[in-house]
Amino acid sequence: MNENYFPQELEKRWQKFYEENDVFKTTDDSDKPKYYALSMFPYPSGKLHMGHVRNYTITDVIARFKKLNGFNVLHPIGWDSFGLPAENAAMQHGANPAVWTDENIAYMTGQLKRLGISYDWDREVTTCKEDYYRWTQWIFLQLYKKGLAYKKEAAVNWCEKCGTVLANEQVIDGKCWRCDSVVEKKYLSQWFFKITDYAEDLLKDLDKLKGWGDNVKTMQANWIGKSQGAILKFKVVEKDLEIPVYTTRPDTVHGITYLVVAPEYKNIEELTTPENKQAVEEYRANARKLTEIERLSTERIKTGVPLGTHCINPFTGEKFPLWTADYALVEYGTGAVMAVPAHDTRDYDFAKKYNLPIKVVIQNSESPSDCSESAYVEEGVLVNSNEFNGMKNTEAKKAITQKAVDNGYGEFKTQYRLRDWLISRQRYWGAPIPVVYCDKCGIQPVPETQLPVRLPEDVDFSVVGKSPITTSPTFQDTICPVCGGHARRETDTMDTFVCSSWYYLRYADPHNTNLPFSKELVNKWLPVDQYVGGIEHAILHLLYSRFFTKALRDLGLLDFDEPFSNLLTQGMVLKDGSKMSKSKGNTVDPDEIFENYGADTARLFILSDSPPARDFDWSDAGVEGCYKFLNRVWKLFSNNQEYITLDYKLPEKLSKENDDLVRVVHMAIKSITNDISHDFQFNTVISRYRELTNAIYDWRGKKTELNEEDKAVFSFATTSLIKLMSPVTVFMADEIWKELGSETSIHDEKWCEYDENLAKASSITLVVQINGKVKDKIEADEGLDNDSLKEIAMNSQKIKDLIEGKTIVKTIVVPKKLVNIVVK
RNA sequence: GCCCUUGUGGCGGAAUCGGUAGACGCGUUGGACUUAAAAUCCAAUCGGGGUUAUCCCUCGGUGCCAGUUCAAGUCUGGCCAAGGGCACCA
């Protein structure tokens with residue numbers, strides 16, 4: 001064994017060995033219980049960054065730990081490989097996106113292997129390959145048949161820079177999630193998935209996700225945005241029309257003083273009188289020009305114009321005017337709002353500005369407000385509300401809605417904020433949407449037998465302002481599957497989030513050529529036992545995947561409701577207090593770390609300083625410290641190889657110091673096992689490695705000669721240490737194991753077991769408190785009962801002096817730990 | 001405005017049940033080895049005060065203010081700050 005640790009040489013050797021011997025292959029037929037560990041698959045951007053390293057190392061340690069504990073572990077990887085960067089690179093360098101993507105995948109695959117992640121590469125899934133995207137298209141067709149995929153004209157989010165539409169989830173603060181440019185509204189006919197059909201399911205089933213953090217669950221709940229209220233219908237005086245509004249405050253219905261429709265409201269022209277037409281047209285044109293950001297700004301002063309027409313309040317018979325204002329949103333509720341200025345702050349501001357009446361209908365009985373200064377939005381009792389006067393407003397919500405239901409001008413209504421998922425993209429590098437447009441038959445799905453609809457290669461990537469796919473001379477012209485006549489292919493491709501919404505299912509059955517996956521295999525491996533990835537996917541990917549799982553369940557393709565039982569959202573990797581990014585120039589290249597210190601040091605360090613869920617601050621000194629520690633472990637073995645054997649036998653009876661070391665080992669096994677299995681607290685796991693190493697060094701330092709008993713104890717301690725470290729420092733562990741004479745890999749060993757009786761010190765430190773303050777510490781035997789502990793405490797000279805002349809009120813004894821004497 | 005998360009030394013962070021606050025590491029300081037440096041090893045390291053025959057004693061201390069308790073980083077109530085999410089959603 002080399003005296004010194006040379007990770008560069010040994011890691012390369014082991015990597016080659018693992019690859020040649022296919023050691024991480026997972027079989028479907030095993031008696032062992034299954035465990036599915038999954039990292040969010042990467043976009044093949046070119047190189048791994050430290051966030052990847054952290055993500056994959058965490059999952060790898062979990063996978064390896066489960067394998068050592070007797071599970072049949074599925075730990076796959078793949079590539080989320082459709083998307084804009086490949087296309088942009090193609091435009092800039094004239095390269096084909098497929099070639100660019102393949103090169104990146106090849107390089108990053110090499111990095112993952114260097115990092116020592118135990119993937120079953122046989123199950124690798126690449127979303128841009130035909131054998132994958134044909135099934136993405138197939139799933140689209142199943143959703144289409146079920147009515148869950150549809151095309152409609154709508155105001156959609158348009159990113160000019162990316163040249164495509166975006167889903168609501170991809171618009172962050174009015175800006176594109178990818179390129180940060182301001183998003184505009186456009187009216188376009190686009191493909192949607194009907195995720196809103198699952199709004200209630202997606203919300204309700206969050207309760208089933210015990211293994212998810214509350215932060216992610218509340219983010220999803222907020223996004224789904226359920227609210228309960230009523231639809232109330234108001235007759236228009238001047239026209240034979242009815243305007244339905246959605247409200248969560250039917251209790252305030254007697255306080256309506258005007259009604260607002262959105263500028264894009266469908267009947268707005270009909271509702272406008274000739275005298276008001278010009279002003280309304282101008283207002284609407286203006287509203288159209290505003291960006292989403294301007295329009296949604298809460299600081300902006302509310303504006304609007306009257307339409308000239310009126311509605312009747314069926315509860316009071318009162319007539320009130322109709323207005324249009326852009327604070328009413330066409331896409332939420334019915335696009336119309338009943339305005340109760342007295343009890344809604346937005347309506348209040350608007351009414352003040354335009355001198356509209358304010359009518360109080362809810363009051364706090366103790367301190368009535370006339371709403372001359374501000375709206376009263378708290379709970380209270382109804383006034384000016386006919387038969388409902390005196391009723392609590394919480395009860396009135398129900399009673400008033402019921403009256404509307406009974407009289408045919410209203411209904412109870414649950415409303416969600418969630419919108420349908422816009423999946424069309426006007427881009428080349430994605431899975432083509434498998435439909436054609438026939439001049440006679442209209443929209444027709446491509447028959448399953450004709451899948452995949454291949455991406456054309458005869459395209460011009462240099463075009464500006466349209467998708468390269470439209471430049472193909474061969475792609476668009478096709479034949480209608482129904483009538484055989486001329487048809488055009490859809491040129492939009494699918495959002496890459498469609499591809500990533502089912503990849504975790506494909507891993508269960510990656511080579512299936514008849515179906516995306518067999519029901520049997522997907523039910524066997526899923527749900528994912530542990531999913532690990534970044535918090536940035538809290539809504540996007542995780543919500544879409546949950547939707548897909550539910551939709552595929554309803555299609556009869558699988559039998560579970562939720563795809564991911566446990567979710568670990570890892571924190572960001574920071575350097576100097578901010579997120580590592582190329583623009584800030586504070587990135588650390590994993591290759592450099594592999595080169596200088598080896599992958600084991602990288603793995604150890606990325607787990608060592610923070611718990612996985614928290615942000616991790618990269619420090620060069622920390623890397624150095626981990627490298628030193630590995631050297632220390634290495635030397636423990638290289639300097640003592642002659643005393644360490646794998647087939648040692650611990651004698652029954654041990655000397656005191658040997659017994660102590662054995663106990664330290666058992667304690668380490670216990671705490672490491674607990675820390676990994678409970679919260680994946682790898683930072684404390686690594687602390688235990690260091691403590692155990694320190695304890696072994698201390699023990700060794702006291703011995704010049706080792707007798708047979710010593711050698712057995714030393715062997716037990718050192719081999720336990722390296723086994724405990726093996727999920728983290730994978731190469732070093734295998735190398736040392738081999739040097740110790742093993743024919744088989746340390747990764748095929750069983751996890752260390754501990755004896756509860758030995759996993760504690762042979763003596764205890766009895767803490768003696770007076771009035772809750774520590775006054776003395778006394779070494780005592782481990783097995784003493786409470787009375788004996790009390791006696792020991794009372795016999796302490798120090799304690800005797802301190803309680804001299806005082807009255808003992810009572811004495812509390814915590815078994816094996818503490819005596820507290822309460823004195824006056 | 002609403003919701004979630006987090007507040008512990010110079011720093012990252014430990015601390016099953018309420019029971020020794022600061023494990024482990026980084027950094028710093030001192031020492032050993034060395035011609036010297038690096039590496040390595042040893043020791044010290046929350047703050048104030050006392051005594052300094054360096055071993056103790058004592059007080060304070062986990063964002064702030066109260067409370068419960070023999071005992072609170074941990075439980076309860078009320079605040080404050082930071083990070084994140086949602087938001088003219090009717």
Side-chain angles (χ1 to χ4, degrees), chain A residues 4 172-173 213-227 229 245-249 252 260 262 295-302 325-329 331-340 344-347 349-350 377 415-418 535-536 538-539 569 571-572 605 608-611 613-626 628-629 631-632 635 671 674-675 678 681 683-694 697 701 765-777 798 809-823:
Chain A
N4 291 308
I172 316 288
D173 289 333
D214 284 341
N215 51 346
V216 178
K217 285 194 276 188
T218 40
M219 271 191 236
Q220 291 213 355
N222 286 343
W223 189 261
I224 295 166
K226 181 178 182 172
S227 74
V245 304
Y246 172 73
T247 180
T248 53
R249 295 297 305 273
T252 63
V260 176
R295 177 152 172 192
L296 293 183
S297 164
T298 42
E299 268 92 80
R300 203 165 62 87
I301 293 159
K302 294 177 199 352
D326 61 9
Y327 82 86
L329 306 173
E331 61 282 18
Y332 185 75
T334 63
V337 184
M338 63 177 221
V340 184
D344 181 281
T345 48
R346 288 164 318 216
D347 298 345
D349 293 345
F350 194 82
V377 295
Q415 183 75 36
Y416 300 90
R417 215 184 57 90
L418 183 71
I535 186 79
E536 66 274 18
I539 293 172
T569 46
M572 289 187 297
F605 175 60
S608 67
D609 265 15
S610 298
R614 274 204 235 175
D615 287 348
F616 178 92
D617 211 340
W618 183 275
S619 83
D620 296 334
V623 182
E624 198 71 42
C626 285
K628 280 184 197 170
F629 171 65
N631 272 286
R632 203 164 131 78
K635 286 198 168 159
S671 53
N674 286 343
D675 286 355
H678 289 157
Q681 274 203 61
N683 55 329
T684 54
V685 167
I686 287 158
S687 297
R688 307 287 169 232
Y689 293 163
R690 293 176 188 271
E691 280 174 335
L692 180 55
T693 306
N694 291 346
Y697 262 105
T765 305
L766 179 68
V767 175
V768 186
Q769 297 180 330
I770 294 177
N771 291 343
K773 302 222 176 224
V774 179
K775 295 295 171 186
D776 201 5
K777 296 172 191 177
K798 211 186 264 174
V809 181
K810 63 171 162 177
T811 311
I812 290 121
V813 184
V814 181
K816 302 179 187 216
K817 229 174 211 165
L818 172 141
V819 175
N820 186 16
I821 304 160
V822 185
V823 298

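Just so it is clear: chains get the letters A, B, ... in the order the sequence lines come, proteins before strands, and each one is counted from 1.
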What is the pairing partner of rG1(B), taking Watson-Crick or G-U wobble pairs with both distances under 3.5 Å in any strand? rC86(B)

What nucleotide among rC4(B), rG19(B), rA90(B) has an atom nearest to a side-chain atom of N215(A)? rC4(B)

Between E536(A) (CD) and rC4(B) (P), how many Å, whole number? 22 Å

Nearest to the side chain of K775(A), heavy atoms from C-beta on, is which of rG25(B), rC59(B), rA90(B)? rC59(B)

Give V822(A) one of three labels, base, sugar-phosphate or nothing, depending on what nucleic acid heavy atoms sit under 4.0 Å from its own. sugar-phosphate

Look at all strands and tell whether Q415(A) reaches a base, only sugar-phosphate, or nothing, counting heavy atoms closer than 4.0 Å. nothing

When the P atoms of rA72(B) and rG18(B) are compared, how many Å lie between them, rounded to an integer? 13 Å

Ranking rG19(B), rA90(B), rG12(B) by distance to the side chain of V337(A), first place goes to rA90(B)

Does rC42(B) adopt a syn or an anti glycosidic conformation, taking syn as a chi angle within 90° of 0? anti

With heavy atoms under 4.0 Å as the rule, sort D617(A) into base, sugar-phosphate or nothing. nothing

Within the structure, does a side-chain N or O atom of N771(A) lie under 4.0 Å from either OP1 or OP2 of rA71(B)? no

Counting only side-chain nitrogens and oxygens, does K810(A) get under 4.0 Å of the OP1 or OP2 atom of rC70(B)? yes

Looking at Y332(A), I'd like to know if the NZ or CZ of R417(A) sits under 6.0 Å from its six-membered ring centre while staying within 45 degrees of the ring's axis. no

Base-pairing assignment for rG19(B) (Watson-Crick or G-U wobble, both under 3.5 Å): rC70(B)

rA14(B) and rC64(B): how far apart are their C1' atoms, nearest whole angstrom? 24 Å

Can you find a side chain N or O atom of Y332(A) that sits less than 4.0 Å from OP1 or OP2 on rA90(B)? yes

Remember a base hit wins even if backbone is also touched, and classify R417(A) as base, sugar-phosphate or nothing at under 4.0 Å, heavy atoms. base

Tell me which nucleotide among rC24(B), rC3(B), rU5(B) gets nearest to the side chain of N694(A). rC24(B)

With a non-hydrogen cut-off below 4.0 angstrom, is K635(A) in contact with a base, only sugar-phosphate, or nothing? nothing

Determine the contact category for K217(A): base if any of its heavy atoms lies under 4.0 Å from a base atom, sugar-phosphate if only primed atoms, P, OP1 or OP2 are that close, otherwise nothing. nothing

Side-chain donor or acceptor of D347(A) paired with backbone N/O of V340(A) under 3.5 Å: yes

When you measure from the side-chain N and O atoms of K798(A) to the phosphate of rC57(B), is any distance below 4.0 Å, counting only OP1 and OP2? yes

For the side chain of E691(A), counting heavy atoms from C-beta on, which of rA87(B), rC24(B), rU20(B) is nearest? rC24(B)

Within the structure, does a side-chain N or O atom of R632(A) lie under 4.0 Å from either OP1 or OP2 of rC41(B)? yes

Is S687(A) near enough to rA23(B) that one of its side-chain N or O atoms lies under 4.0 angstrom from OP1 or OP2? no

With sugar-phosphate meaning primed atoms plus P, OP1 and OP2, does T684(A) contact a base, only sugar-phosphate, or nothing at under 4.0 Å between heavy atoms? sugar-phosphate

Distance between C1' atoms of rG13(B) and rU62(B) (Å, rounded): 13 Å

Watson-Crick or G-U counterpart of rA37(B), or none if no pair lies under 3.5 Å: none

What's the CD1-P distance between I224(A) and rC3(B), to the nearest Å? 18 Å

Taking the side chain of V814(A) as heavy atoms from C-beta outward, which of rG19(B), rA15(B), rA90(B) is closest to it? rG19(B)

For the ring pair F605(A) and F616(A), is the centre-to-centre distance below 6.0 Å? yes

Can a donor-acceptor pair under 3.5 Å be found between the side-chain atoms of N222(A) and the base atoms of rC86(B)? no

Re rC46(B): Watson-Crick or G-U wobble partner, both distances kept under 3.5 Å, found to be rG60(B)

Is a donor-acceptor contact shorter than 3.5 angstrom present between the side chain of K302(A) and the base of rC88(B)? yes

Between atom CG in D675(A) and atom P in rC24(B), what is the gap in whole Å? 15 Å

Would you mind classifying the nucleic acid contact of N674(A) as base, sugar-phosphate or nothing, using non-hydrogen atoms under 4.0 angstrom? nothing

